[in-house]
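The sequence lines fix the lettering, A, B, ..., with proteins before strands; numbering per chain opens at 1.
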Amino acid sequence: MRFLDRLFIISHRLKTKQNILLGIIMVFLFVVLMIAITASIEFSRIKNRYMSSLFTGQSLIAYGDSNNSFKIDEIDHVLTSVSDKFRNPISADFEEFSNNSDLGLEVAVELYPYLYPDEIEISDGIKDIKPGEMVCPKEFYPYSLYRTEDGGNYSEAVIKSQIIDGESLIGQEYYYESDKEWDSSLKDATLKIVGTYDNKAVNLPMNACFINRDTFDEIKSDISAMVGYIDENGEEKFEYQYYNAQFIIVDDVKNRDYVIDELANIGFTAESTYTTDSSQILILIVVPLFIFCITAIIVLTVIYNFIRKKITYYHQFIGVLKSLGYSNKEIIRSLSLENIVICFVSYIITLIIYSLVFYTISTDLFAEFYYSSFSINIPYLSIIILFVVLMVYIVFITKYRINRLFKNDISVLLKED
Amino acid sequence: MKLDNISKIFNAHSEEIKALDSVSYEFEKQKFYAIMGHSGSGKTTLINILGLITKPTQGKYYLNDIDVSTLNDEELSRLRMSSIGFIFQDFKLDEHMNALDNVILPMLINKKISPSERVSLAQELLKSVNLDNRLKHFPKELSGGEQQRVAIARALANNPEYIICDEPTGNLDEKNERMVFELLKELTSNGHTIIVVSHSEIVKEFADIVLNLQAGKLSDE
Ligand SMILES: Nc1ncnc2c1ncn2[C@@H]1O[C@H](COP(=O)(O)OP(=O)(O)OP(=O)(O)O)[C@@H](O)[C@H]1O
Ligand SMILES: [Mg+2]
């Protein structure tokens, strides 16, 4: 029997209420399934990167006698050891980017110190960042994640049209004015973009630029905080607090414990910087995986029951086909095709809905992820595998249910319910 | 068509029902047979065996000198397609297809009919049962008599030797009943053999041979 003839047989039934309902149920379940699978796959991918990334798994904060800090550099596997003043970036509101105030954007460029060679891969083969130079992301978004809306509320968003091609800014200069009210010893700096880097490769936000370590030292204060207190005479007094911990970067996560032990030997207590976040991310993986498993079980049973009911409902049609001379094989092939077509159409609709949902989620709901360059990708391979598995399953259960019907005498199939 | 010592026993609710009891009979070609008998006498069972829809419990059934018990599903289906046309009391048309498509349905598995011929052939068949103005109508848009004529056209689609009818006029009034029997009668002159189960006395006016079934036993009248 030709394929077109099979289509002829099933085409009359595709638009029945039962088949449309089956299609709608499939679309709904497939969408949930695909979102869950995307979430669990992507979050686990992000977790792996997060754990090994430079600024999380590889970095330590150590407390101890600062007179001994020179000894830290001698420990194996330590890439660099600096004051924890270098741990957090400086926020710069370069006026040059401030012509977009009507969008509610707030200019904010994060300036990171370039601490050791190969910390980032800079374009044009630049190996070192000299004083007064700056390296910014290829996809540069010199704004805060937060934008002011009309009512004065804040929302999280990345306005894609405002992402700048970093290469186009090479040669431009930006003036950084430091807060001399806070610390009168601070200097200003003129920063010139000399190259770009891929911020996604090192998981830095889209507004993170690197500057020379000495320039960084000059424009960021050693004062970490000013604390107010009441002295014994009842007078209000202020006291400066200075950065007093060491910020240490280890060459590999697996050497971290070794370095912590060595630090203890020279009187430093060290801890990893971002340990708590990984458990949150674990929840982000486990929850979608759980949803995926539950949905998968529901999908398989609902589809099975639906097809079982449908095939039973078709017994008279099958009996008529048998009485007309259709063989078991031809009936199985034709009716499987019906379910394959429904599944296929549902899958196409699912892909459309999924893309819309994905686009909304990745740009709006997950703006923070996007901003932090943890962008979520579509797991194409898994989606294709999912499709193949569902198709095979549907063909299999259709065949199974029809074969069970064939155990009956044709005269029984022909009878009314 | 030859029945050799055919019996059919049903087991239902731990009770044995002998629907057919050692039936032997040879049907001649191009004749109009009427099978009559009381309700429950085994008429449907007999005709289903003839139409390859039910397998007998005992005995042999030869169709065109082939012992059908030796055939597998594939071969049985092909034989059913090429040699047998079924007509039911409740028509059993496909409610989702219009009259034309219902008649085309059996042609799809017949390699002797090319796809391009199907529509004109089905139109011809529907014309021969006076339905050329109802081609696009769905079963629920047709009267009972019209539906049964579509079913006759469908049974003739692959030009089978035998037309087997189980109470084809059971749901029709007398006028339609005569029309159906007349159409069937005409077919014998085109080389078809007609076997009709009926309660109606009218069938006797058309039948060449009337057979009687009584408690599973077949006899000439
Ligand atoms: N599938 C079955 N299971 C059990 N018993 C059956 C089955 N089919 C038929 N019978 C029994 O076999 C006997 C013959 O049934 P059959 O349908 O052949 O009668 P019939 O002559 O066609 O009757 P009617 O004129 O009412 O249609 C009946 O007693 C019936 O109860
Ligand atoms: Mg009967």
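- The greatest number of non-hydrogen atom pairs below 4.5 Å with chain A, out of B:L108, B:N158, B:T44, is found for B:L108.
- Side-chain N/O atoms of A:H12 and B:D101 include a donor and acceptor closer than 3.5 Å.
- Under the 30°/60° scheme for interplanar angles, the aromatic rings of A:Y400 and A:F396 are found to lie parallel.
- Between chain A and the options B:R78, B:M81, B:E95, B:K111, the largest number of non-hydrogen pairs under 4.5 Å is found for B:M81.
- When only modelled atom types and interatomic distance are considered, B:Q58 and B:N5 share no side-chain donor-acceptor pair under 3.5 Å.
- The closest side-chain donor-acceptor pair between B:S198 and B:S200, if any, does not fall under 3.5 angstrom.
- Only the backbone of B:L52 comes within less than 4.5 Å of a heavy atom of chain A; no side-chain atom from C-beta onward does.
- Using a 4.5 Å cut-off between heavy atoms, B:K55 contacts chain A through its backbone alone, with no side-chain atom that close.
- Between the side chains of B:N159 and B:K112, no donor N or O sits under 3.5 Å from an acceptor N or O.
- With a 4.5 Å cut-off on non-hydrogen atoms, A:L414 touches chain B through its backbone and its side chain both.
- Using a 4.5 Å cut-off between heavy atoms, A:R2 touches chain B through its side chain atoms alone.
- Interface remark: B:N110 contributes no atoms to any contact with chain A (heavy atom separation under 4.5 Å).
- A salt bridge between B:E146 and B:R134 is present, with a side-chain N of the basic residue lying under 4.0 Å from a carboxylate O of the acidic one.
- In this structure, the side chain of B:E15 does not engage the main chain of B:A12 through any donor-acceptor pair within 3.5 Å.
- The backbone N or O of A:L300 lies less than 3.5 Å from a partner atom in the side chain of A:Y393, making a donor-acceptor pair.
- Top candidate by heavy-atom pairs under 4.5 Å with chain B, chosen from A:G319, A:S11, A:S327, is A:S327.
- Put simply, of B:G85, B:P115, B:G51, B:P160, the one with the most heavy-atom pairs under 4.5 Å next to chain A is B:P115.
- Contacts of A:Y326 with chain B are made by both backbone and side-chain atoms, with heavy-atom separations under 4.5 Å.
- For chain A, the option among B:M97, B:E74, B:E75, B:R154 with the highest count of heavy-atom pairs below 4.5 Å is B:M97.
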